[in-house]
Amino acid sequence: MFSYDHITLESIHTTWLPEDIQAAMLRLDKLHTVVSGNKWFKLQYNLLAAGSAGRQGILTFGGAYSNHIAATAAACASQGLRSIGMIRGEAPVSANHTLAAAAGCGMELIHISREAYRQPDREIYWQQQYPDFLVVPEGGHNSAGARGCEDILSVHPTHYFTHILCAVGTGTTLAGLINSAGVQQHIMGIPVLKGAQYLEPAVKALLHDKPLPSWELLYDHHLGGYAKIPPILIDFINNFYEETGIPTDVVYTGKLMMAFRELSRQGRFPAGSRVLLIHTGGLQGNLSLPPGVLSF
């Protein structure tokens, strides 16, 4: 297991943040260089389940640039478990940095067609093919993943905040935050995928049957869709780093912070609001950019 001692809670001061709003970022990205951010939280109980059940390791799914694939490979290696990654699409001529890192941690990479990847019963099928492995859905989206994300708000005292914001891929982290936040807090999820209205039932399926805080998904901040990187996003990420010293990634936290700026300008946060932003890591995804595009 990884120590949470390196995770910090840092106040945010920018030229665009209204003076009557306080904001801070929970730097989950500092947890580990590869198993960073929310990735470890989603994996920790899945790893325990694999070990307690006597499984050889974990089989999971992701794209060729998946943070989850890279994190699963490294996490399994750290726990003495094997890992298999079912990769969407044909194998590239040469492995990119994500797949190379995963393979370097001992992950067996199996490329499957996009059609096969989209099959709704793929977890059941591959569990039958590899009965000695624990099958974990893409992005760690299961009850164990959500349970792990419930630990996020306990790393530092967070009851003080009125609003909690995070980027959303599968909805697993958001569900964990909703389950563990105080009923007086409001949780806002920023999907990074276009047309992601399916996320609402996916999140609800992981929620506890108890009084929960209010929450919402805000679908208009994806900047064109998953992994779409318009120039305004690059400019924002570089400017945000210059103002705060906090690096963000182009897929998740960069879009989260752009959304926060826009929502602040729209007056979505009443005067006196105290906003917590969750840095979900994934900085390795920036390696897909040409050198020099980002200023860090």
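Every value quoted in this text rests on a predicted model; they were computed, and no experiment measured them.
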- Message: So, taking the atom named CH2 in Trp215 and the one named CG in Leu174, what distance separates them when rounded to the nearest 0.5 Å?
- Response: 6.5 Å
- Please round to the nearest 0.5 Å and tell me the distance separating atom OG of Ser180 and atom CZ of Arg147. 13.0 Å
Run the side-chain donor-acceptor check on residues 217-231: report pairs under 3.5 Å with partners two or more places apart or on a different chain.
residue: His222; atom: ND1; partner: Gly224; partner atom: N; Å: 2.9
residue: His222; atom: ND1; partner: Gly225; partner atom: N; Å: 3.2

- Query: Sub-3.5 Å donor-acceptor pair from the side chain of Gln127 to the main-chain atoms of Tyr130, do we have one?
  - Reply: yes
- Where the side chain of Ser66 meets the backbone of His68, is there a donor-acceptor pair that is under 3.5 Å apart? yes
- Task: Run the ring-centre check on Trp40 versus Tyr4 and record whether the distance is less than 6.0 Å.
- Result: no
- Task: Measure the spacing between OG of Ser83 and CD1 of Ile69 and express it to the nearest 0.5 Å.
- Result: 8.5 Å
- Are any non-hydrogen side-chain atoms of Ile246 and Tyr241 less than 4.5 angstrom apart? no
- Euclidean distance, Ile58 CD1 relative to Ile84 CD1, rounded to 0.5 Å: 11.0 Å
- Parallel, tilted or perpendicular for His97 and Tyr65, by the 30°/60° rule? tilted
- Task: Mark yes or no for whether Arg55, through its side chain, and Phe133, through its backbone, hold a donor-acceptor pair below 3.5 Å.
- Result: yes
Under 3.5 Å, side-chain donor or acceptor atoms of residues 98-116 against the rest of the protein: list the pairs with distances, not counting sequence neighbours.
residue: Thr98; atom: OG1; partner: Gln284; partner atom: OE1; Å: 3.1
residue: His111; atom: ND1; partner: Gly89; partner atom: O; Å: 3.2
residue: Ser113; atom: OG; partner: Ala116; partner atom: N; Å: 3.1

- Item | Ion pair check, Arg268 and Glu216, cut-off under 4.0 Å | yes
- Query: Looking only at atom types and distance, does a side-chain atom of His156 sit under 3.5 Å from a main-chain N or O of Ile7, one as donor and one as acceptor?
  - Reply: yes
- With no hydrogens and no angle check, is any side-chain donor or acceptor of Asp29 less than 3.5 Å from a backbone partner on Leu283? no
Under 3.5 Å, sequence neighbours excluded: what are the donor-acceptor pairs made by side chains of residues 287-296?
residue: Ser288; atom: OG; partner: Gly285; partner atom: O; Å: 2.8
residue: Ser295; atom: OG; partner: Asn238; partner atom: OD1; Å: 3.1

- Working to the nearest 0.5 Å, report the span between OG1 of Thr244 and CD of Glu242. 10.0 Å
